[in-house]
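Quick note: numbers below take in every heavy atom, side chains included, and nothing from hydrogens, waters or symmetry partners.
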Amino acid sequence: MKLVGELRNCPNCNSIFVKTNLRDVCENCYKLEQKQFDTVYNFIRKSDNRKATMDEIVSVTEVEEELIMKWIRNGRLRVTGYPNLGYPCEQCGTLIQKGSICTNCSTNLKADLYKVEEEKRRVQELRKRDRAYFLDEKSRK
């Protein structure tokens with residue numbers, strides 16, 4: 001399997017590296033992230049810490065919240081069994097553990113889309129009626 005990448009500057013240290021699907025930072029920053037990941041993982045897997053909040057994890061491990069959320073988003077840090085871990089819904093900020101929006105925002109979005117589709121159908125029906133009316137008026141002359 002050949003990995004294809006592109007030349008980029010590391011978002012952490014600005015050094016040049018080849019970005020691939022597997023890594024979005026340079027080798028040195030990746031190693032540092034791996035150590036930080038191990039620290040966070042070892043902390044939360046202890047049964048006493050399973051209900052720790054993000055703030056508690058950040059405080060104890062000294063790992064940035066954004067990095068922990070990155071691991072959760074990309075599935076590297078699985079949060080099943082950790083009720084207080086997640087990342088904010090892109091719409092309302094509620095804590096979620098998968099996807100990009102919470103169930104409530106998803107439901108509201110679907111309802112809004114349904115309303116738009118209903119309005120489209122209503123407008124199309126009105127246009128059909130108007131065309132039929134005008135066709136009928138022309139045929140009378």
Side-chain angles (χ1 to χ4, degrees), residues 1-140:
M1 179 174 141
K2 184 178 178 182
L3 292 177
V4 178
E6 57 185 90
L7 209 52
R8 290 262 178 106
N9 287 80
C10 177
N12 296 343
C13 69
N14 209 31
S15 66
I16 295 175
F17 77 106
V18 177
K19 182 188 180 302
T20 65
N21 290 339
L22 302 175
R23 290 192 188 156
D24 58 353
V25 294
C26 71
E27 183 67 24
N28 290 335
C29 290
Y30 177 78
K31 287 177 182 177
L32 177 61
E33 277 189 16
Q34 184 58 43
K35 285 180 185 176
Q36 292 174 317
F37 178 84
D38 292 341
T39 300
V40 169
Y41 183 74
N42 289 332
F43 175 77
I44 65 171
R45 67 179 248 213
K46 292 179 183 173
S47 60
D48 293 347
N49 300 331
R50 288 195 177 266
K51 292 187 179 181
T53 64
M54 183 68 76
D55 289 339
E56 292 169 335
I57 295 168
V58 169
S59 176
V60 171
T61 64
E62 298 181 351
V63 175
E64 291 181 21
E65 181 176 345
E66 190 58 39
L67 188 55
I68 297 170
M69 287 191 291
K70 172 183 149 182
W71 296 327
I72 296 169
R73 276 190 193 99
N74 67 24
R76 186 164 182 216
L77 187 61
R78 301 190 192 279
V79 291
T80 306
Y82 304 101
N84 297 321
L85 272 188
Y87 50 91
C89 165
E90 290 179 6
Q91 195 74 19
C92 70
T94 300
L95 193 68
I96 58 175
Q97 294 186 333
K98 63 180 179 178
S100 55
I101 60 174
C102 67
T103 304
N104 191 41
C105 288
S106 177
T107 300
N108 291 340
L109 185 60
K110 287 176 186 174
D112 290 346
L113 287 173
Y114 179 76
K115 288 176 188 175
V116 168
E117 289 299 317
E118 283 299 309
E119 183 64 18
K120 277 184 179 179
R121 281 193 275 279
R122 190 181 73 74
V123 167
Q124 287 174 346
E125 189 60 39
L126 289 173
R127 285 183 181 156
K128 285 180 187 176
R129 287 182 194 161
D130 287 346
R131 275 192 294 240
Y133 173 75
F134 289 120
L135 286 175
D136 195 36
E137 286 293 315
K138 288 179 184 177
S139 64
R140 289 185 185 177

Query raised in the report: Using 4.0 Å as the upper bound for N to carboxylate O, is an ion pair formed by Glu66 and Arg73?
Result: yes

Query raised in the report: Are the side chains of Val40 and Phe37 in touch, meaning some heavy atoms are under 4.5 Å apart?
Result: no

Query - Pairwise distance OG1(Thr61) to CG(Asp38) - rounded to 0.5 angstrom - result: 12.0 Å

Report summary line: Between Cys89 and Ile101, the two heavy atoms sitting closest are SG-CA, 3.6 Å

Requested in this report: Quick one: closest heavy-atom pair of Thr94 and Cys92, and the distance?
Outcome: OG1-SG, 3.0 Å

Query - Results of side-chain contact (heavy atoms from CB on, under 4.5 Å) for Asn9 - residues two or more places apart only - result: Asn14, Ile16

Query raised in the report: So which heavy atom on Arg50 is nearest to which on Pro83, and how close?
Result: O-CD, 3.7 Å

Query raised in the report: Which pair of non-hydrogen atoms, one from Cys10 and one from Cys26, has the smallest distance, and what is that distance?
Result: SG-N, 3.5 Å

Query - Test side-chain contact (heavy atoms from CB on, under 4.5 Å) applied to Met69 and Met54, step by step - result: CA-CA 9 Å; Met69 287 191 291; Met54 183 68 76; 3.8 Å; yes

Query raised in the report: Is atom CD of Gln91 surrounded by more than 12 heavy atoms (other residues, nucleotides or ligands) closer than 6.0 Å?
Result: no

Query raised in the report: Is any side-chain heavy atom of Tyr41 closer than 4.5 Å to a side-chain heavy atom of Arg78?
Result: no

**Report entry** Test item: Asn28 and Leu32 side chains (from C-beta on) under 4.5 Å apart, heavy atoms
**Finding:** no

Report task. Going by the side-chain hydrogen bond (donor to acceptor under 3.5 Å, both in side chains) test, name the single residue among Arg122, Lys115, Arg121 that passes it with Glu118. Result -> Arg121

**Report entry** With Arg8 via salt bridge (charged side-chain N to carboxylate O under 4.0 Å, His left out) - residues at least two apart
**Finding:** Glu6

Query raised in the report: Near Gln34 CD, under 6.0 Å, is it more than 12 heavy atoms from other residues, nucleotides or ligands?
Result: yes

**Report entry** Close side-chain approach of Asn42 and Lys46, heavy atoms under 4.5 Å
**Finding:** no

Query - Separation of Gln97 CD from Cys102 SG (nearest 0.5 Å) - result: 13.0 Å

Report task. Report yes if some heavy atom in the side chain of Asn49 is under 4.5 Å from a heavy atom in the side chain of Val60; otherwise report no. Result -> no

Query raised in the report: Does Asp55 offer a backbone N or O that forms a donor-acceptor pair with the side chain of Ser59 under 3.5 Å?
Result: no

Report task. Find out whether Leu77 and Ile44 are in side-chain contact, i.e. whether some heavy atom of one side chain is under 4.5 Å from a heavy atom of the other. Result -> yes

Report task. List for me each residue that meets salt bridge (charged side-chain N to carboxylate O under 4.0 Å, His left out) alongside Lys98, sequence neighbours excluded, and say none if there are none. Result -> none

Report task. Taking the six-membered ring of Phe17 (Phe, Tyr or Trp), confirm whether the NZ or CZ of Arg23 is under 6.0 Å from its centre and within 45° of its axis. Result -> no

**Report entry** Whether over 12 other heavy atoms sit under 6.0 Å from Glu56 CD
**Finding:** yes

Report task. For Leu95 and Gly86, work out which heavy atoms get closest and say how close. Result -> CD1-C, 3.4 Å

Query raised in the report: Do the non-hydrogen side-chain atoms of Asn74 and Lys70 ever get within less than 4.5 Å of each other?
Result: yes

Requested in this report: Determine whether Tyr114 and Lys110 make a side-chain contact, defined as any pair of heavy atoms from C-beta on separated by less than 4.5 Å.
Outcome: no

Query raised in the report: Between Tyr82 and Ile57, is a side-chain contact (heavy atoms from CB on, under 4.5 Å) present by the stated rule, with each step listed?
Result: CA-CA 12 Å; Tyr82 304 101; Ile57 295 168; over 6 Å; no

